[in-house]
Amino acid sequence: MNLERNKFYITTPIYYVNDKPHIGTGYTTLAADVLARLHRQLGEDVYFLTGTAEHGSKVAESAEKAGLNIQEFVDEYAAKFSLAWDELTIAPDDFIRTTEERHIRAVNLFFTKLKDSGKLYEGDYEGWYCVGCESFKKESELVNGVCPLHNRKPEWIKERNWFFKLSEFASILKEKIETDEFRIFPLARKNEVLSFINQGLEDIAVSRRTAKFAMPLPWDKEQTIYVWLDELFNYCSAIGYESDRKKFDKYWPADFHIIGKDIIKFHCIIWPALLLAIGEQLPRAVYAHGFFTVNGQKMSKSLGNVMDPVALAHQYGSDAVRYFLLREVPFGQDGDVSEEKLKERYNADLANGLGNLFSRVTNMMEKYLDGDLGDARVSPKDLSEVSEAFHSLNFSEGLVKIWEAIAWANQLIDKSKPWELVKTEPKKVKELLLSLGALLYDIALKLSPVMPETANKIKTALEQEKIMKPAQPLFPKIE
RNA sequence: CGCGGGGUGGAGCAAUUGGCAGCUCGCAAGGCUCAUAACCUUGAGGUUGGCGGUUCGAAUCCGCCCCCCGCAACCA
């Protein structure tokens with residue numbers, strides 16, 4: 001027997017507190033939650049981390065706009081995120097905020113080590129600086145030499161910054177990715193990263209002179225830490241990088257960083273290079289999921305078509321939203337969602353499918369057997385493929401397998417005609433319902449990482465001494 | 001030649017390593033009555049964007065072309 005439980009450390013990006021949670025951030029966090037639940041089911045020592053990124057000029061500006069001081073502002077937004085995850089039945093083990101002491105101390109230690117590694121140097125950052133954007137613009141971003149956002153000519157600015165020798169890490173990174181020591185999913189993303197590395201890596205500036213509300217460099221108070229690096233380090237600071245080395249050694253390296261495809265370069269190139277520089281192990285895997293369009297249109301604030309997962313959860317139930325997002329789009333690919341599609345899935349799969357099957361089976365148990373099932377049975381259907389699919393993050397595939405079992409059960413019932421059989425051979429009806437009950441129980445177990453509340457309802461009903469059809473349907477049909 | 005993702009029955013999607021083209025919704029006909037007017041069966045509907053190539057065999061591999069979308073510009 002293994003006395004030491006396997007650990008499983010899984011993370012989401014930490015979210016910028018400029019905006020409330022939306023369907024995209026919800027999706028990432030949901031996927032991580034499902035994996036966390038899956039591994040908890042196996043009895044593993046799971047550490048599921050999410051949180052908020054609270055440094056940066058934009059945060060300072062937004063706070064000012066909202067008429068709040070920065071601390072009030074970030075507190076409010078961090079709470080919004082935390083509450084949203086609650087409403088989606090997402091249960092992280094830890095929630096880190098970059099303004100927390102444990103993070104700030106860890107980042108200071110991290111940068112000190114980085115400097116000691118000899119991989120930092122002072123250099124000049126030159127480029128077109130748009131005062132409106134408060135950021136440097138690449139030549140390619142300018143239209144007729146003018147910033148297209150603010151329609152003004154940027155200034156050529158030379159700024160003294162600290163740089164990280166990212167260029168030195170190209171070949172080692174390439175090797176670790178190619179040998180799968182550092183895994184990137186899906187495969188298309190791995191290839192994308194490799195081809196990016198093959199084009200050569202440039203050193204990056206890791207400090208800024210202009211940023212508001214950012215951490216100062218420990219050895220150069222004139223400069224602030226580039227917020228992206230501050231944010232990346234949350235994965236280490238949360239598990240005690242600075243304060244509790246024992247805990248850190250237990251959980252690091254992360255088993256999975258779940259991210260959106262937009263931040264691949266930060267997680268698959270810059271982040272591992274930084275870790276190599278300070279002598280820490282690389283995460284085992286990064287999984288980049290795709291993006292949603294809404295009714296074929298890109299989701300954006302200006303179009304006003306951003307979907308709010310919390311509002312949807314209030315209306316349809318958090319399990320329904322969780323099911324929909326993971327079933328509708330194969331994880332890793334882009335996909336299209338809409339409230340119409342959610343309703344369609346809800347009625348077809350949840351109300352008519354799982355809900356109705358559960359209803360007819362429990363009803364027959366109550367009616368034909370007086371709720372007295374007796375001995376438990378082995379499920380007549382092998383659902384091990386479901387777990388395999390979930391473990392590979394093929395959520396939609398696993399869910400399809402479950403719904404195949406539901407269709408199978410409906411067919412079996414129609415073929416067996418228990419409503420006739422009960423008059424002539426009640427024993428056979430009992431056998432049939434025993435195995436249907438076992439199948440439903442197994443479905444609940446397999447489904448529980450994705451739909452924890454529904455799974456509990458099913459299990460609870462089937463564990464009763466006298467099984468009765470519950471008064472409330474699992475999923476009342478929506479008109 | 002900026003990078004990336006796609007084009008599959010009316011709609012939306014799926015097809016590990018090339019091997020009888022599947023699913024959901026919708027539509028048509030029938031069946032059943034235990035169930036949330038649910039469920040089951042059958043049917044109609046496709047030259048898998050186009051052309052060419054490799055192969056015994058291509059939605060899948062190769063070449064060229066056409067079209068759509070995303071990123072590159074707040075946004076997962």
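Proteins come first, then strands; the chains are lettered A, B, ... in the order of their sequence lines, and each starts at number 1.
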With ring centroids as reference points, do A:Y287 and A:F331 lie under 6.0 angstrom apart?
yes

Here the distance between atom P of B:rC23 and atom CD of A:E344, to the nearest Å, is 17 Å

Are A:K80 and A:Y77 in a cation-pi contact, defined as NZ or CZ under 6.0 Å from the six-membered ring centre and within 45° of the axis?
yes

What is the distance, to the nearest angstrom, from the CZ atom on A:F475 to the C1' atom on B:rU36?
12 Å

Between atom NZ in A:K477 and atom P in B:rC25, what is the gap in whole Å?
10 Å

Under 4.0 Å: is that the gap between some side-chain N or O of A:H289 and OP1 or OP2 of B:rA76?
no

Regarding A:F358, tell me which of base, sugar-phosphate or nothing describes its non-hydrogen contacts under 4.0 Å with the strands shown.
nothing

N or O in side chain of A:Q411 less than 4.0 angstrom from B:rC39 OP1/OP2
no

Kindly assign one of parallel, tilted or perpendicular to the pair A:Y346 and A:F475, based on the angle between their ring planes and the thresholds 30° and 60°.
perpendicular

Value for CG (A:L357) from CH2 (A:W408), rounded to nearest 0.5 Å, stands at 10.5 Å

Heavy atoms only, 4.0 Å cut-off, all strands: where does A:G335 land among base, sugar-phosphate and nothing?
nothing

Footprint string (nucleotides 30-35 of chain B, 5' to 3'): B base within contact, S backbone only, - free, heavy atoms under 4.0 Å:
-BSSBB

Taking the C1' atom of each, how far is B:rG53 from B:rC39, in whole Å?
50 Å

Can you list, in residue-number order, the parts of residues 255-275 of chain A that come under 4.0 Å of RNA chain B, counting heavy atoms only?
A:G260, A:D262

In whole angstrom, give the distance that lies between atom OH of A:Y346 and atom C1' of B:rC25.
18 Å

Contacts to RNA chain B from residues 399-408 of chain A, heavy-atom cutoff under 4.0 Å, which residues?
none

Relative to each other, are the rings of A:F395 and A:F390 parallel, tilted or perpendicular (30° and 60° limits)?
tilted

Taking the C1' atom in each of B:rC25 and B:rC51, what is the distance between them to the nearest angstrom?
34 Å

Would you mind reading off the distance between A:K341 atom NZ and B:rA11 atom C1', rounded to a whole angstrom?
9 Å

Do the ring centers of A:F48 and A:W85 come within less than 6.0 Å of each other?
no

Determine the contact category for A:Y27: base if any of its heavy atoms lies under 4.0 Å from a base atom, sugar-phosphate if only primed atoms, P, OP1 or OP2 are that close, otherwise nothing.
nothing

Taking RNA chain B as the partner, which of residues 316-334 of chain A come within under 4.0 angstrom of it by heavy atom?
A:P330, A:Q333

Mind checking whether A:Y27 and A:H289 have parallel, tilted or perpendicular rings, split at 30° and 60°?
perpendicular

Mind checking the CD1-CG spacing from A:I269 to A:L274? Nearest 0.5 Å is all I need.
12.0 Å

Rounded distance in Å between the P positions of B:rU55 and B:rC13:
36 Å

In terms of relative ring orientation, are A:Y226 and A:F266 parallel, tilted or perpendicular, with 30° and 60° separating the classes?
tilted

Paired stems touching RNA chain B, three or more consecutive Watson-Crick or G-U pairs with both distances under 3.5 Å?
B:2-7 with B:66-71, B:10-13 with B:22-25, B:27-31 with B:39-43, B:49-53 with B:61-65

Euclidean distance for P, B:rA58 against B:rU48 (whole angstrom)
11 Å

Using atom P of each nucleotide, how far apart are B:rG49 and B:rG9 to the nearest Å?
8 Å

If I compare all heavy atoms of A:P449 with all of A:R322, which pair ends up nearest, and what's the gap?
O-NH2, 2.9 Å

Distance in angstrom units between A:L412 CG and B:rU41 P, rounded:
12 Å

Scan A:I23 against the nucleic acid and name what it touches under 4.0 Å (heavy atoms): base, sugar-phosphate only, or nothing.
nothing

Pair A:E54 + A:R97, salt bridge at N-O below 4.0 Å
yes

In whole angstroms, how far is the P atom of B:rU36 from the CG atom of A:D349?
19 Å

Applying a 4.0 Å non-hydrogen cut-off, can you work out what A:K415 is touching in the nucleic acid: base, sugar-phosphate, or nothing?
nothing

Residues of residues 445-460 of chain A with any non-hydrogen atom less than 4.0 angstrom from an atom of RNA chain B: list those, numerically ordered, please.
none

Cationic N near anionic O, under 4.0 Å, A:K428 to A:E425
yes

Expressed in whole Å, how much space separates the C1' atoms belonging to B:rA37 and B:rG22?
29 Å

Separation of B:rG7 atom P from A:D336 atom CG, nearest Å, is 14 Å

Options B:rC25, B:rC39, B:rC13, nucleotide nearest the side-chain atoms of A:N352:
B:rC39

